[in-house]
Amino acid sequence: MTAMEKQKSESPIEGLLEEKRLFKPSDEFRAQANVNDPKIYEEAAKDREAYWAKQAERLHWFKKWDKVLEWDPPFAKWFIGGKLNASYNCVDRHFKSHRRQKPAIIWEGEPGEQRVLTYEDLYYEVNKFSNVLKNLGVKKGDRVTIYMPMVPELAIAVLACARIGAPHSVVFGGFSADSLRERINDCQSKIVVTADGGYRRGNFIPLKDNVDEALKNAPSVEKVVVFQRGEDKKKVNMHKDRDYWWDELMEKAETYCEPEPMDSEDMLFLLYTSGTTGKPKGIVHTTGGYMTGVTTTTYMIFDIKEDDIYWCTADIGWITGHSYVVYGPLSNGATVVMYEGGPDYPDKDRFWRIVEKYRVTIFYTAPTAIRSFMRWGIEYPRRCDLSSLRLLGTVGEPINPEAWIWFHKYIGNEKCPIVDTWWQTETGSILISPLPGIVATKPGSATIPIPGIEADVVDNYGNPVEPGQGGYLVIKSPWPSMLRTIYGDEKRYIDTYWSKYKNMYFPGDGAKKDEDGYFWLLGRVDDVINVSGHRIGTMEVESALVDHPSVAESAVIGKSHDIKGQCIVAFVTLKEGVKGTPELENELKLHVGKKIGAIAKPEKIYFTAELPKTRSGKIMRRLLRDIAEGRILGDTTTLADPTVIERIKSQYTDKE
Ligand code: WT7
């Protein structure tokens with residue numbers, strides 16, 4: 001058994017709460033930290049509204065708010081009456097300051113190209129692209145879908161939308177044409193901004209082809225802007241009067257565009273994420289509260305200073321990229337590293353080469369990446385000079401203590417604090433994390449809620465549980481960057497987050513608190529699978545599977561996985577006369593990849609004659625999870641036919 005397996009096989013309660021190692025901030029780090037007075041916690045708790053109002057002062061407001069908060073559960077409005085613009089905050093105010101010539105974005109393409117955009121460069125690019133969008137007929141309130149690789153133009157497009165008040169919906173470039181179409185149709189965008197493709201592990205991924213495929217059935221879209229990332233424009237199929245090249249439009253665009261004074265509660269963007277049903281949810285974020293949340297947390301948690309070189313490895317297609325590649329760091333006037341490609345291309349030291357080359361000081365990544373680095377071995381980081389690093393962070397899933405220690409030792413050289421940051425697409429910004437100059441860390445714990453956030457662990461009835469007992473994480477009072485609704489589906493907003501408990505936000509995570517009040521996140525408690533820190537709904541994968549002509553029915557579950565945290569396992573019943581061969585298993589995996597995107601591909605598909613169901617016909621995934629994990633079966637008494645699960649079990653357990 002590897003150490004990692006051993007740790008997993010122990011009960012999560014004992015395994016986690018036995019972790020007694022404590023890492024205090026060094027005196028040196030504490031002395032220089034942006035925030036180092038523990039009183040901030042009490043002060044914020046005493047008057048949360050006053051605290052957040054103070055934080056909102058970090059932003060530039062065209063007009064100050066009249067009222068800090070209106071809380072009509074579950075609907076919150078923050079900084080009511082305030083007017084501001086997110087692009088003005090991320091770009092103009094630095095352009096007008098001593099930061100004009102400071103690098104805003106240091107970009108590296110996977111094939112090796114480099115570009116540095118100063119705040120001045122970024123200012124002109126964003127202004128011009130804002131005018132491009134306006135010239136194409138985009139108005140305040142219109143939704144713009146962005147489907148791009150990790151190039152600076154992605155950040156430019158996002159900021160240009162913000163500048164003219166057109167909410168963006170960024171769709172991660174790894175998603176399929178079908179997923180893209182579904183998201184375009186849900187928010188009815190008139191414009192899609194894309195690129196011919198992007199580089200990933202040495203391949204050119206043709207994004208424009210997916211756009212063409214998606215637009216076969218997306219009637220709202222009138223225009224497409226295409227950024228050229230590949231070598232040859234002639235290879236790209238451009239539709240007349242619909243598709244335009246980015247560079248040609250930019251050439252003609254004016255260099256100034258007045259930033260739209262947005263109401264604090266105007267929508268800044270929507271971002272789709274998976275839930276328990278097959279249909280992704282368009283999470284709505286507004287301007288004033290979101291910007292307050294990301295600006296404050298970037299300053300306090302990442303301890304951003306004037307000369308930091310900050311690198312968050314997330315793709316802008318996810319919330320982490322929105323909040324901690326674009327809005328948070330740029331609002332703070334930081335220098336952001338942006339990298340297009342994979343961590344193992346051309347070799348497994350690529351990330352460390354980037355850290356060395358640009359002298360990265362703050363490095364924020366995902367536990368799944370750290371587990372891959374561990375598996376690859378320490379020779380790769382050892383090849384590079386990582387001495388510039390001073391702070392490390394993780395996000396996306398619980399980090400196992402072994403990976404935490406590895407990160408601390410081999411990347412942080414035992415001198416960098418690690419911030420394990422818990423949050424979600426819905427929370428907009430980090431809610432549970434150490435402040436690195438104040439809070440001692442324990443490997444595997446996201447520690448405590450940040451100042452201004454009230455969280456707890458409760459039982460099924462909403463009562464706080466005893467220390468060490470498992471329960472559900474809840475957020476007990478509103479916070480500025482919380483989602484405001486689900487786009488076009490207020491009922492789902494209420495049902496998903498606010499119906500389990502009265503007036504408490506339910507994120508869908510299990511958790512424990514220890515004697516010191518530290519939070520230990522235990523993973524999702526709903527039908528959402530966390531694969532490499534990305535959310536996939538079981539129903540989405542099931543719908544993709546039954547869409548295949550050979551499949552009658554399917555049940556999808558998450559199984560623990562050494563590198564990915566969880567992987568997707570499907571149980572499938574086939575139509576009459578179809579045989580479950582290894583070839584069909586492969587075909588179905590590819591089918592799911594094509595329907596949703598590569599991240600949703602099942603790791604393993606089990607063909608079974610039947611699925612275990614209750615008398616009312618509900619599939620009991622819990623029992624399938626027991627089989628996949630090789631555990632003893634849980635309670636089977638509610639099954640319509642208890643022999644079904646026994647048959648599946650005997651069919652598969654001896655084979656594994
Ligand atoms: C879910 C949210 C927010 C950024 C990336 C994912 C899990 C996130 C942690 C953490 C334990 C974590 C939760 C959460 N999660 N960070 N530090 N420790 N779990 O965003 O796709 O909206 O997923 O990711 O389960 O609910 P997302």
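Below, each value reflects all heavy atoms present in this structure, side chains not excepted, and no hydrogens, waters or symmetry copies.
If you look at His322 and His285, their ring centroids are not closer than 6.0 Å. Checked against a 6.0 Å centroid threshold, the rings of Tyr119 and Phe95 do not count as neighbours. A distance of 6.0 Å or more separates the ring centres of Tyr124 and Tyr256. Aromatic pair Phe269/Tyr290: centroids less than 6.0 angstrom apart. Side-chain rings of Tyr339 and Trp107 stay apart, their centers remaining 6.0 Å or farther from each other. In this structure, the ring of Phe506 has its center no less than 6.0 angstrom from the ring center of Trp498. Taking the six-membered ring where the residue is Trp, the centroids of Tyr310 and Phe363 are separated by 6.0 Å or more. The aromatic ring centres of Phe79 and Trp52 sit 6.0 Å or more apart.
Salt bridge absent: Asp27 and Lys24 never bring a charged side-chain N and a carboxylate O closer than 4.0 Å. Taking 4.0 Å as the cut-off between side-chain N and carboxylate O, Asp263 and Lys83 count as a salt-bridged pair. Here Lys279 does not pair with Glu182 in a salt bridge; the nearest charged N to carboxylate O distance is not below 4.0 Å. Ionic pairing of Arg390 and Asp303 is present here: one or more N-O contacts between side-chain nitrogen and carboxylate oxygen are shorter than 4.0 angstrom. Residues Glu454 and Arg48 are paired through a salt bridge, judged by an N-O separation under 4.0 Å between the basic side chain and the carboxylate.
Looking at heavy atoms from C-beta onward, Asp308 lies out of side-chain contact with Thr335 at the 4.5 angstrom threshold. Between Val193 and Thr145, every side-chain heavy-atom pair lies at or beyond the 4.5 Å cut-off. Put simply, the side chain of His408 does not reach to within 4.5 Å of the side chain of Cys416, judged on heavy atoms.
For the residue pair Arg492/Thr277, the side-chain donor-acceptor check at 3.5 Å is satisfied. For the 3.5 Å distance criterion, the side chains of Ser429 and Ser481 qualify, holding a donor opposite an acceptor.
Atoms NE2 and CG, from His534 and Asp315 in turn, are 8.0 Å apart once rounded to the nearest 0.5 Å. The structure places OH of Tyr324 at 11.0 Å from CD1 of Ile304, a figure rounded to the nearest 0.5 Å.
More than 12 heavy-atom neighbours from other residues, nucleotides or ligands sit within 6.0 angstrom of NZ on Lys128.
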